[in-house]
Amino acid sequence: ISHYNAMILAFSRSESPAHGIKFYRKMTQDGLVPDQLTLSFCLKCCVKDLALFEGMQVHVRILVDGFKKDSILMTTLMDLYSVCSGCDDAYKVFDEMSMRDTVACNVMISCLMNNKRTRDVLAVFDTMQSLKRHCRPDDVTCLLLLQACADLGALEFGSRVRDYVEEQRYGESLKLNNALITMYSKCGYVDEAYKIFKRMHAKNLVSWSAMISGFAMNGYGFDAIEMFREMQNMGIAPD
RNA sequence: CUUGUUCGGA
């Protein structure tokens, strides 16, 4: 069976996930019994193929086979509904999970974000902070949240996330710093963005580009050009 | 690297 799993996993990462679903069907018709891994890989195929109906059949199988308390599997299911259906179905799974951890919350947040339900995102963040450690927001949570704030121009909330980031000493994370730069820029606070930029030890092409367009979008075209030169002097090639 | 979430700027 591990060979079948390997096959389906490979299909789930390929550009033809539908073949993985076919393969799964075939193996069950041949009387083989899928395990958690099989179901998980098959779900990934369904997500990638946007195959809601097939995914729901796997859902049924999960329940029938008694894998309901496998939280990782349930999180994958959430992702299926998040991508192929909507918040309501994803939340239903979320709500019925026996153990909700940080990743499950992150899936929920990303789903809510895609559906522009910002206020609910906020609420989830709040409850995550007050719950036990297995639900505490992590770096991915912050990344998601900062991106949302940037899109919405939600400075106040973005600052709260920033405080949290610094409490947790995610301060050296390149991705988080870049997300902060973008968030402040889009909220119109280039100076704050620049402070972040300056104190960064490691900078990316992304960091530079974020800073440059931050200046540009706030009407500091000259500084943008200046930054661009400085970047090249640092030996970083523009793309 | 045999089960889950983000993948950064434009």
Side-chain angles (χ1 to χ4, degrees), chain A residues 1-13 20 24 34-48 55 58 61-62 65 67-83 90 93-94 97 99-114 121 124-125 128 134-151 161 165 170 173-186 190 193 196-197 200 202-218 224 227-228 231 236 238-239:
Chain A
I1 182 153
S2 62
H3 294 111
Y4 286 84
N5 288 349
M7 271 297 179
I8 301 175
L9 174 60
F11 279 126
S12 79
R13 311 220 242 236
Y24 166 81
D35 63 4
Q36 285 107 316
L37 301 187
T38 322
L39 297 170
S40 170
F41 299 148
C42 185
L43 276 178
K44 293 201 79 151
C45 290
C46 295
V47 173
K48 199 170 199 172
V58 176
R61 179 98 201 200
I62 289 172
D65 291 356
F67 293 137
K68 194 181 173 181
K69 62 179 263 278
D70 183 333
S71 336
I72 298 185
L73 203 43
M74 296 311 272
T75 307
T76 315
L77 245 183
M78 282 182 66
D79 196 40
L80 170 81
Y81 290 119
S82 156
V83 171
V93 177
F94 184 63
M97 284 175 61
M99 279 278 298
R100 289 176 233 168
D101 64 3
T102 301
V103 176
C105 294
N106 288 348
V107 176
M108 202 59 236
I109 287 177
S110 123
C111 179
L112 291 166
M113 270 173 47
N114 292 333
V121 171
V124 174
F125 181 59
M128 282 175 83
H134 62 270
C135 283
R136 288 275 161 74
D138 64 1
D139 50 335
V140 175
T141 318
C142 295
L143 244 13
L144 285 165
L145 256 25
L146 286 174
Q147 172 125 31
C149 293
D151 291 343
V161 177
V165 164
Y170 292 150
S173 160
L174 188 58
K175 289 182 179 182
L176 274 171
N177 281 319
N178 290 344
L180 280 170
I181 292 175
T182 305
M183 183 257 141
Y184 278 121
S185 298
K186 290 202 175 163
V190 218
I196 306 269
F197 182 81
M200 287 173 69
K203 295 182 186 71
N204 241 357
L205 175 61
V206 176
S207 324
W208 285 93
S209 307
M211 199 60 248
I212 291 170
S213 50
F215 280 126
M217 81 176 70
N218 285 283
M227 284 251 83
F228 182 69
M231 179 183 96
I236 302 189
D239 65 358

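Given the structure is predicted, the values throughout are model-derived calculations rather than measurements. Lettering follows sequence order; numbering is per chain, from 1.
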Listed nucleotide nearest any side-chain atom of Asp101(A), set A10(B), U2(B), G4(B)
G4(B)
Using salt bridge (Lys or Arg N to Asp or Glu O under 4.0 Å) as the criterion, list what pairs up with Asp65(A), not counting sequence neighbours.
Arg61(A)
The side-chain contact (heavy atoms from CB on, under 4.5 Å) partners of Arg136(A) (sequence neighbours excluded) come to Arg133(A), Tyr164(A)
To the nearest angstrom, how far is Leu180(A) atom CG from U6(B) atom C1'?
15 Å
With a cut-off of less than 4.0 Å, is there a side-chain N or O of Lys44(A) near OP1 or OP2 of U5(B)?
yes
Kindly state which residues belonging to residues 138-145 of chain A come within less than 4.0 angstrom of RNA chain B, counting heavy atoms of the residue only, listed by number.
Val140(A), Leu143(A), Leu144(A)
What contact category does Leu205(A) fall into here, base, sugar-phosphate, or nothing, at under 4.0 angstrom with non-hydrogen atoms?
nothing
With a non-hydrogen cut-off below 4.0 angstrom, is Lys186(A) in contact with a base, only sugar-phosphate, or nothing?
sugar-phosphate
Would you indicate what Asn204(A) reaches in the nucleic acid, counting non-hydrogen atoms under 4.0 angstrom: base, sugar-phosphate, or nothing?
base
N/O donor to acceptor pairs below 3.5 angstrom from side-chain atoms of residues 205-217 of chain A, sequence neighbours left out:
unit_1	atom_1	unit_2	atom_2	d
Ser207(A)	OG	Asn178(A)	OD1	2.8
Ser207(A)	OG	Asn204(A)	N	2.8
Ser209(A)	OG	Leu205(A)	O	2.8
Ser213(A)	OG	Ser209(A)	O	2.8
Ser213(A)	OG	Ala210(A)	O	3.4

Between U6(B) (P) and Asn177(A) (CG): distance, integer Å
21 Å
Picking from G9(B), U5(B), G4(B), which would you name as closest to the side chain of Asp239(A)?
G9(B)
With sequence neighbours excluded, tell me which residues meet side-chain hydrogen bond (donor to acceptor under 3.5 Å, both in side chains) with Asn5(A).
Asp35(A), Thr38(A)
Contacts of type side-chain hydrogen bond (donor to acceptor under 3.5 Å, both in side chains), residue Thr182(A), not counting sequence neighbours
none
Nucleotide nearest Lys175(A) when distance is taken to its side chain, options C7(B), A10(B), U3(B):
C7(B)
From A10(B), U3(B), U5(B), nucleotide with atom closest to Leu37(A) side chain
U3(B)
Does Lys203(A) have more than 12 heavy atoms from other residues, nucleotides or ligands lying within 6.0 Å of its NZ?
yes
Nearest whole Å is fine: how far is U2(B) C1' from Leu9(A) CG?
7 Å
side-chain contact (heavy atoms from CB on, under 4.5 Å) evaluation trace for Asn106(A) with Asp138(A)
CA-CA 9 Å; Asn106(A) 288 348; Asp138(A) 64 1; 3.2 Å; yes
Specify the separation, in whole Å, of atom CE of Met113(A) and atom P of U5(B).
15 Å
Look at the side chain of Thr76(A) and the base of G4(B), then say whether one donor and one acceptor between them are separated by less than 3.5 Å.
no
Candidates C1(B), G4(B), G9(B) - which lies nearest the side chain of Ala104(A):
G4(B)
Need one value for Ser2(A): base, sugar-phosphate or nothing, where a base atom within 4.0 Å counts as base even if backbone is also close, heavy atoms only.
nothing
Whole-Å distance, Met99(A) CE to U5(B) P, equals 18 Å
Without decimals, in angstroms, what is the distance between Leu112(A) CG and U6(B) P?
14 Å
Between the base of U3(B) and the side chain of Asp70(A), is one N or O donor paired with an acceptor at under 3.5 angstrom?
yes
